[in-house]
Structures are given as C-alpha cells and as structure tokens.
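Right, one structure below, let's go through it.
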Amino acid sequence: MRIDVVSIFPEYLAPLELSLIGKARQDGLLDLKVHDLRDYTTDRHRTVDDTPYGGGAGMVMKPEPWAQALTAVAAGRSGDAGAPDDGGTPESAGPDGAAKPVLIVPSPAGERFTQATAHQLAEEDQLVFACGRYEGIDERVLEWAAEHFTVRPMSLGDYVLNGGEVAVLAMVEAIGRLLPGVVGNPESLVEESHSDGLLEYPVYTKPSSWRDRDVPAVLLSGNHGKIAQWRRHEQYRRTAERRPDLLVEFDAGKLPRADRTAFSDLGYDVVDGRLLRRPDA
Ligand code: 6GU
C-alpha cells in the first residue's frame, strides 16, 4: 500500500518511523511518504493560510497550495524536488473506472473512523491524508479533489484536536496493522476489541496470585471450552458496562442458551435476534 501524508508539520509524523509501522516501511510492506505543504507554495513567505470570508475567528487554509500538493501526490510526482506544476489533473485519476486514490481529510466534522473503516481502507492501493490546521481547509479543495480522489472527511471521535496530524498517526496505525505481514501473528487480529463488535475480555499473566489478587480460576483449569465461554461472557459484561451503545448493533440471533442467560443476568433480553435492555434492569 502507498500512503502520502501532507502537513505543514511533517515532523509531527516522525513516530511513523517507529515500531510496527516503521518496520512495515523498512520491510517494503508500506510505502509511506510525508510531504510539507509549504513546498507547494509559490510566495516568499510560503503562506498556507488567510482570513475567513464572512469573518470569524482563526484562519483558513488557502486552496492553491493544497491543489498543487494533492495533484503531485496523486500522480506520484512528489518526494523528489516537490516542484509545483500547472495545476492540471493527476494522471492516476482515470475518468473511467480507474481506481481513484482515497483522500482522507481528518476533521472533527468528518464521518466516524471505526475498525470497519480501517478494514475497508486497508484494501485500497493508495491513501492520501490531508492534515488541516487552523479552522480547516477552504471547502472548494474538497469539491475539486472529488474529481480525482474518493474524498472522505473522517473523525476519530467527538472531541477537537488542533490539527489532523495526531489523528493521522492513529488512522495509519489502525490501517497499517491490518496489511498482510505487518502483524507477525495474524491471529492477534482476530480476538481483539471491536473485531466482533464487542470489547475484548480481560487478560492476565504470571504470577497467578499477586498482591492478594488471584487470576480467575477458570483460566488455570485447562478446560478450553469453559475458558472460551468465560471470555465471551466477560466481553458481554464489559461491553454492557462500558459501551452499551455497541450492543444495539450486536447480532444476538444465534447465541447459545448459556450466552442468553449471561445477557439476561446483565439486564438484556434477546428479541428478534437483537438485544433489548429490560426497562427494570
Ligand atoms: Cl480526525 N481531526 C481533528 N482536527 N480533530 C479531531 C479529529 C480529527 N477527530 C476528533 N477530533
């Protein structure tokens, strides 16, 4: 997979050289390049922002540096001199059915980025991340870019960051670890939070007794059926406690009786294959 990140703070993306993602880049599994938006300005001050039409606080990112930068990265004509071109259309963006790269625009006003989004994006050939700062990017850039990219404004959650860079660190890690060969043991990807719409079960390691606290006995029993059931029920308990919103979407249609009982104990009945919280619970 090819990933391009455009930012006025390229150094903010330095952690992408570390750990799993850094290793994936070294191993050639991920071709990731970070670009400085200011390399695509033409004035002496390398200006990227200006005051908002209509007034109001803060500054807005100017459209032309973004058009130059995005045109270059879509065409794979970046990374070298970074010379701006005539503002034409990227060659890689076929007018017919040729796969357009996905342009991800981190923004608290975006669609929610979830594990499902990460899986979807992990299937793409090329992702471009456009890190906005200040009050955001001139809206016309996103309209213009739709001719050449599949444009997806994405949010990590309902809170405000100062810019897209930290969100890109999170999204690239979530996507990158799903690429073939990046996580050493692919089984690690199967049983983890959100992979089945539930939170993960609690985990323990040695010693079996620590500061008067014992590891749940079932985990020492060697009974793999019992262990699997206990872990599943812990997932239900945790999810009901911490993220009851996730249970609305949960498919409870094929649950074995013991699992229905577990949910009943948590205050949920199965109705038409869906979990319904009992009013009294
Ligand atoms: Cl993706 N960007 C910014 N700037 N703020 C955010 C966000 C993204 N997600 C939550 N808050």
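Just so you know, ligand 1 is whichever comes first in the structure, and atom 1 is the first atom listed for that ligand.
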_What I want to find out is whether Asp27 reaches Arg25 closely enough, with some N-O distance under 4.0 Å, to be called a salt bridge._
no

Exactly one candidate in Val6, Leu142, Asp138 meets side-chain contact (heavy atoms from CB on, under 4.5 Å) with Trp66; the answer is Val6

Excluding Val248, membership of its hydrophobic cluster (Ile, Leu, Val, Met, Phe, Trp, Tyr; side-chain heavy atoms within less than 4.5 Å) reads none

In terms of heavy-atom contacts, Arg140 and Pro63 come closest through NH2-CG, 4.1 Å

Near Ser107 (heavy-atom distance under 4.0 Å), the atoms of ligand 1 are 1 (Cl), 2 (N), 8 (C)

Below 3.5 Å, N or O to N or O, backbone or side chain included: is there any such pair between Met171 and ligand 1? no

min-distance protein heavy atom vs atom 1 (Cl) of ligand 1 -> Met154 O, 3.0 Å

Worksheet item: ligand 1 and Asn162, any nitrogen or oxygen pair closer than 3.5 angstrom?
Response: no

Going by the 4.0 angstrom heavy-atom rule, the piece of Pro106 near ligand 1 is both

Taken in chain and number order and not counting sequence neighbours, the residues that satisfy side chain to side chain donor-acceptor pair (under 3.5 Å) with Arg238 are none

Exercise for the section: Taking atom CG of Asn223 as the centre, report whether more than 12 heavy atoms of other residues, nucleotides or ligands fall under 6.0 Å from it. Expected result: yes

Next item on the list: State whether a side-chain donor-acceptor pair under 3.5 Å links Thr117 with Thr114.
Entry: yes

If we number the atoms of ligand 1 from 1 as shown, the ones under 4.0 Å from a heavy atom of Ala167 are 1 (Cl), 8 (C)

Ranked by distance from atom 3 (C) of ligand 1, the top protein heavy atom is Pro108 CD, 3.4 Å

Has the side chain of Thr239 got a donor or acceptor atom that lies under 3.5 Å from a matching backbone atom of Leu199? yes

for atom 9 (N) of ligand 1, nearest protein heavy atom and its distance come out as Leu156 N, 2.9 Å

Here the atoms of ligand 1 under 4.0 Å from any heavy atom belonging to Ser155 are 1 (Cl), 9 (N), 10 (C)

So for Tyr159 against ligand 1, with non-hydrogen atoms under 4.0 Å, the contacting part is both

Original post:
Is Gly157 near ligand 1, meaning one of its heavy atoms is under 4.0 Å from it?
Top reply: yes

Report task. Could you say whether the N/O atoms of Leu161 and ligand 1 ever approach to under 3.5 Å? Result -> yes

